[in-house]
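All ligand and atom numbering here is 1-based and tracks the order in the structure.
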Amino acid sequence: MTGARRVPRDGRRAPRRRPAPARAAWESLSAEIRACRRCPLGATRTHAVVYRGSLTPEVLFVGEAPGAEEDRQGVPFVGRAGRRLDEAIRFLGLPEGTVGILNVLKCRPPHNRFDRAAARTCRPYLDRQLDLLRPRLIVTLGAHALRTLDPSAPPVLQSAGTLRAGPAGPIFPLIHPAAALRSRRWGERWVHDLTALRTWRAGRAREAL
Ligand code: URA
């Protein structure tokens, strides 16, 4: 049965198994990021923050930069915004093995202020991670992640909640989960856009039948 895809009894095709990146290539890239001192953030961080999730993610969430808790633990989105993101992932019905989470910046910037110069230095790491992970969909979280991955996108409040053809594949922009925590208005916008994403995914699943 080499190459044939298993067809379950109800006639639907089983999703194609995605190849995991070569473990050695992933480990070596992650070690390189952890040891990086290419920009001034390398001197002020506690930990470089590489990745959390499956190595064959269907959906990859891309945040902006580690915050205090992420810097302490060396894991992306483990603070309050991370809890909001995990809740969203459950809301979207994405099983654990189908999701990955990373940031544009691998090190915490002082005062949590996104550092564009550092982002340029860090960019090759992000590109190499994307090359190895090859997600089906990228969900950008906040303005900086969107601008980094799709520089020609309209501002985040215009783009959020609608699928875009990004330069390296489909992108679904969202506002940042930390923004969703800031006010009721942004919390409602977050839920609205997540609902749009859930609806879009359900439509795609129906098309695949
Ligand atoms: N905000 C981000 O953009 N990334 C994190 O990892 C945590 C908070």
| field | Interfacing atoms of ligand 1 (cut-off 4.0 Å, heavy-atom, Gly63) | value | 3 (O)
| remark: Quick note on ligand 1: atoms under 4.0 Å from a heavy atom of His176 include exactly 1 (N), 2 (C), 3 (O)
Charged N-O contact under 4.0 Å between [X] and [Y]:
| X | Y | result |
| --- | --- | --- |
| Glu69 | Arg72 | yes |
| Arg189 | Asp193 | yes |
| Glu87 | Arg84 | yes |

| task | Mind checking whether Ala65 contacts ligand 1 via backbone (N, CA, C, O), side chain (CB onward), both or neither, at a 4.0 Å heavy-atom cut-off? | result | backbone
| note | Of Arg84, Glu70, His144, Lys106, the residue with the heavy atom nearest atom 7 (C) of ligand 1 is Glu70
| Has ligand 1 got any nitrogen or oxygen that is less than 3.5 angstrom from a nitrogen or oxygen of Gly67? | no
| said: Below 30° counts as parallel, above 60° as perpendicular, anything between as tilted: where do the rings of Phe114 and His144 land? | reply: parallel
| query | Tell me, which protein residue and heavy-atom name are nearest atom 4 (N) of ligand 1, and how many Å apart are they? | reply | Asn103 OD1, 2.8 Å
| query | Is Asn112 reaching over with its side chain to a backbone N or O of Gly67, donor-acceptor style, under 3.5 angstrom? | reply | no
